[in-house]
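These figures come from a predicted structure and were not determined experimentally. Scope of the values below: all heavy atoms of this structure, side chains included, with no hydrogens, waters or symmetry mates. The chains referred to below are lettered A, B, ... by the order of the sequence lines, with proteins before strands, and numbering in each begins at 1.
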There are 2 protein chains.
Amino acid sequence: MSVSTASLAFSGSGPIADATRSRVLDAAQALAYAGPNPLGRQLRRGRSGIVGVIMGDALRRAFRDPVAVQVLDGLTSTLGPLGLGVLLVPGPHDPSQPAVDPLLESAAMDVAVQMWGGTTDDPVLEMLRRRGTPTVLVEGTPQPDVAAVGIDDQGGMTELTRHLLDLGHTRIATVTLPFDRDRSEGAATPARLARISWEITRRRLAGVRDAGVTPTVVYETPASLVENGAAAGRALLSAPDRPTAILCQSDLLASGVVLAARELGLRIPQDVSVAGFDGLDLPWLAPDVLTSVAQPLARKGAVIGEAVAELLAGRTPEPRVLPVELRVGTTTGPVPTT
Amino acid sequence: MSVSTASLAFSGSGPIADATRSRVLDAAQALAYAGPNPLGRQLRRGRSGIVGVIMGDALRRAFRDPVAVQVLDGLTSTLGPLGLGVLLVPGPHDPSQPAVDPLLESAAMDVAVQMWGGTTDDPVLEMLRRRGTPTVLVEGTPQPDVAAVGIDDQGGMTELTRHLLDLGHTRIATVTLPFDRDRSEGAATPARLARISWEITRRRLAGVRDAGVTPTVVYETPASLVENGAAAGRALLSAPDRPTAILCQSDLLASGVVLAARELGLRIPQDVSVAGFDGLDLPWLAPDVLTSVAQPLARKGAVIGEAVAELLAGRTPEPRVLPVELRVGTTTGPVPTT
DNA sequence: GGCGGGGATCGAATCGATTCGACCGTCGCG
DNA sequence: CGCGACGGTCGAATCGATTCGATCCCCGCC
């Protein structure tokens, strides 16, 4: 009984007599052989069937974010049927810059997906380039030789801002995602505003400016969580010249602002309008429905999956920018007539 | 220049002259060699460094569940420093039973973690046993040769039920997690109650009975989401002989019930008490704080990680049952005096 | 009866790194 | 001056499956 015959028996392809096949399978059973070792196959094929997903600087934060989670869901749904597995790779840790995760350097992956594209000078992308791993960059600064998938967040934010302008708002504050790895909190100084290394934050901010609006305050948060939004909301709404509208760069932040407003006894949207970004389904905000810019989350995951497949086929996919859609809810209304 | 020398140069271990090492590294640079191929290393070592995490029947549901997500977070935090990666493996799809995910059969993994242990007759466990993959079973029916990690949910539920009894409640309804893959919705018939294949649902229900309580209604939900809880809450609270307390098998379900109660104009806890399970932090339920049984989520992930490490070391870890803790919030109170 | 063809099976090379034992050169010590 | 020891380098075997080409056998046809 030769090895090659056994291989044929297991793989199912190639010419093989039924009798032989069953003889092989019986012998396998008798010897408690568990079937082909994937490692051998992978080495031979030169493919591991694994797509590494690099999740920002800490998985814990990433997992708390429904946006990331839903995109990941769409991605796995697309990749699963292709026989590809998703390997979660923690990004570099916060404190020491040089320490890149050991997995990133040594894990076998056919393609890497860098979620929310990181900053302009990301060491992760550099590492991937060195290792020669084809990469899909999500929501990042365009790079040569790297597939890109993103949404039209700048345009969406402009549309959302215009919606507020149409309602007569002029004192508009904005609550943003983190600027960089430092993750400061509070009203941003002009100096700080000039150095935003996180692409997504910068683009959404640019969208506001495109509508001709200069926010009265740009409030930076250390993370896109409800509690961070609540903190921002409390700060902005208890200030003397409070804004009539608050534009948030994520729905979770906006939810926090809504909760803070309720806490302070302010009516929405009569006293203050609040808008978010992402288009999440937030049943617990009832009876309010957040005005937001919806991005196609599951579809984004699927499109990333398609880009992965393209890269595996040796092709370089075109950059994809997915459309977003303004969804007016109950949290925005005409400016109060004082 | 021999292959073995090059290997020495890259691995860093073993005796090697500095001059030689730099000569090797220079040559590597010149030839655009990206460093050792992980697949070769893995084959030689017989280890892939990958831990497969099998996430119920659909990733999408799993990801929406903060409990799963937080455990996963704790797990990755433990596994990362050990140089182990987490591979997400979708479980078998709903409709056709025979179809087990191709990844499950063919992915390289040193250890598998079966999240929320599945049902008693789980095809996944059978498959893993056949492949000879050491397995950690989370919240499942005990199995020979399988490491087990769980929480004392039965005891916790008993304690929670006693808390309601102490407050004078007698008409107690319960809202449960799914019974099985069918995922029905509505009040469960005795016949159906007798055949609960999902271990976790059965144990939490048993915890209620251990306190001597027979629920007036056992309301089954198709998934542990806020909207399912809201549907259950509406059904239970608009019935003629509505319960004075509703015991939910998860915090998300309980949140839904709280929202449904608010919607119906019922005061909590004056008109109805609501309790959950898991101990999630739910800022958006404010001003209410859910009475719940807290389980140590991140720690559970860490303990699973330890079990994985034990298995990799060739040892068989003891079954672990983590303690839970009753946390009384503002959503439970004395029974209404009619 | 002989030859051609086709289906089944087998050998051997290959993927890439690791690692053990062997070998070689040099240095130090007696 | 010679021998032993040690640090450095190299060969070759090994992990396990895949796959191409070669071989072999049997059957059918001339």
Side-chain angles (χ1 to χ4, degrees), chain A residues 1-50 52 83 85 102-111 130-134 312 314, chain B residues 1-50 83-85 102-111 130-134 312 314:
Chain A
M1 183 61 52
S2 84
V3 213
S4 30
T5 310
S7 177
L8 263 348
F10 276 102
S11 76
S13 67
I16 188 158
D18 281 349
T20 318
R21 171 187 290 116
S22 47
R23 211 149 53 85
V24 170
L25 297 182
D26 286 354
Q29 187 113 33
L31 295 169
Y33 172 77
N37 180 331
L39 293 177
R41 186 209 312 264
Q42 288 175 14
L43 174 59
R44 185 68 234 260
R45 295 248 166 96
R47 283 275 170 87
S48 63
I50 286 178
L103 269 179
L104 192 56
E105 313 206 46
S106 65
M109 37 187 179
D110 297 338
V111 182
R130 261 201 296 129
R131 284 193 60 193
T133 309
L312 280 177
Chain B
M1 182 61 53
S2 85
V3 210
S4 30
T5 309
S7 177
L8 264 348
F10 276 102
S11 75
S13 67
I16 187 155
D18 281 349
T20 316
R21 171 187 290 113
S22 47
R23 210 149 52 85
V24 170
L25 296 181
D26 286 354
Q29 188 113 33
L31 295 170
Y33 172 78
N37 180 331
L39 293 177
R41 188 209 312 264
Q42 288 174 13
L43 175 59
R44 185 69 235 260
R45 294 250 166 96
R47 283 275 170 88
S48 62
I50 287 178
L84 297 171
L103 270 180
L104 192 56
E105 313 206 47
S106 64
M109 36 187 178
D110 298 337
V111 181
R130 260 200 298 128
R131 284 194 61 193
T133 308
L312 279 177

> Do any pairs count as a salt bridge (charged side-chain N to carboxylate O under 4.0 Å, His left out) and have a residue in residues 20-39 of chain B, sequence neighbours left out, and if so which ones?
Replying inline: B:Asp18-B:Arg21
> Just the endpoints, please: which first and last nucleotides of DNA chain C, 5' to 3', lie under 4.0 Å from a heavy atom of chain B?
Replying inline: C:dG16 to C:dT19
Any N/O pairs under 3.5 Å between the protein and nucleotides 20-28 of chain D? List them or say none.
none

> Near DNA chain C, which residues from residues 27-42 of chain B have a heavy atom under 4.0 Å away?
Replying inline: B:Tyr33, B:Gly35, B:Pro36, B:Asn37, B:Gly40, B:Arg41
Give every donor-acceptor pair under 3.5 Å between a side-chain atom in residues 36-44 of chain A and any protein atom, sequence neighbours left out.
from	atom 1	to	atom 2	distance (Å)
A:Asn37	OD1	A:Leu39	N	2.7
A:Gln42	NE2	A:Ser48	O	3.4

Tabulate below the donor-acceptor pairs under 3.5 Å that side-chain atoms of residues 1-11 of chain A make, not counting sequence neighbours, or state none.
from	atom 1	to	atom 2	distance (Å)
A:Ser2	OG	A:Ser4	N	3.4
A:Ser2	OG	A:Ser4	OG	3.1
A:Ser2	OG	A:Thr5	N	3.2
A:Ser2	OG	A:Thr5	OG1	2.9
A:Ser11	OG	A:Ser7	O	3.4
A:Ser11	OG	A:Leu8	O	3.4
A:Ser11	OG	A:Ser13	N	3.4
A:Ser11	OG	A:Ser13	OG	3.3

>> I want to confirm an ordering. Mapping B:Val3 and B:Ala17 to their closest nucleotides on DNA chain D, which one lands closer to the 5' end?
In response: B:Ala17
> How do B:Arg45 and B:Ser2 order along DNA chain D: which one's closest nucleotide is nearer the 5' end?
Replying inline: B:Ser2
> When you measure from the side chain of A:Arg130 to the backbone N and O of B:Gly35, does any donor-acceptor pair fall under 3.5 Å?
Replying inline: no
> Are B:Leu84 and B:Val111 close enough that some pair of their side-chain heavy atoms sits under 4.5 Å apart?
Replying inline: no
> What pair of heavy atoms forms the shortest contact from B:Arg131 to B:Leu104, and how long is it?
Replying inline: NH1-O, 2.7 Å
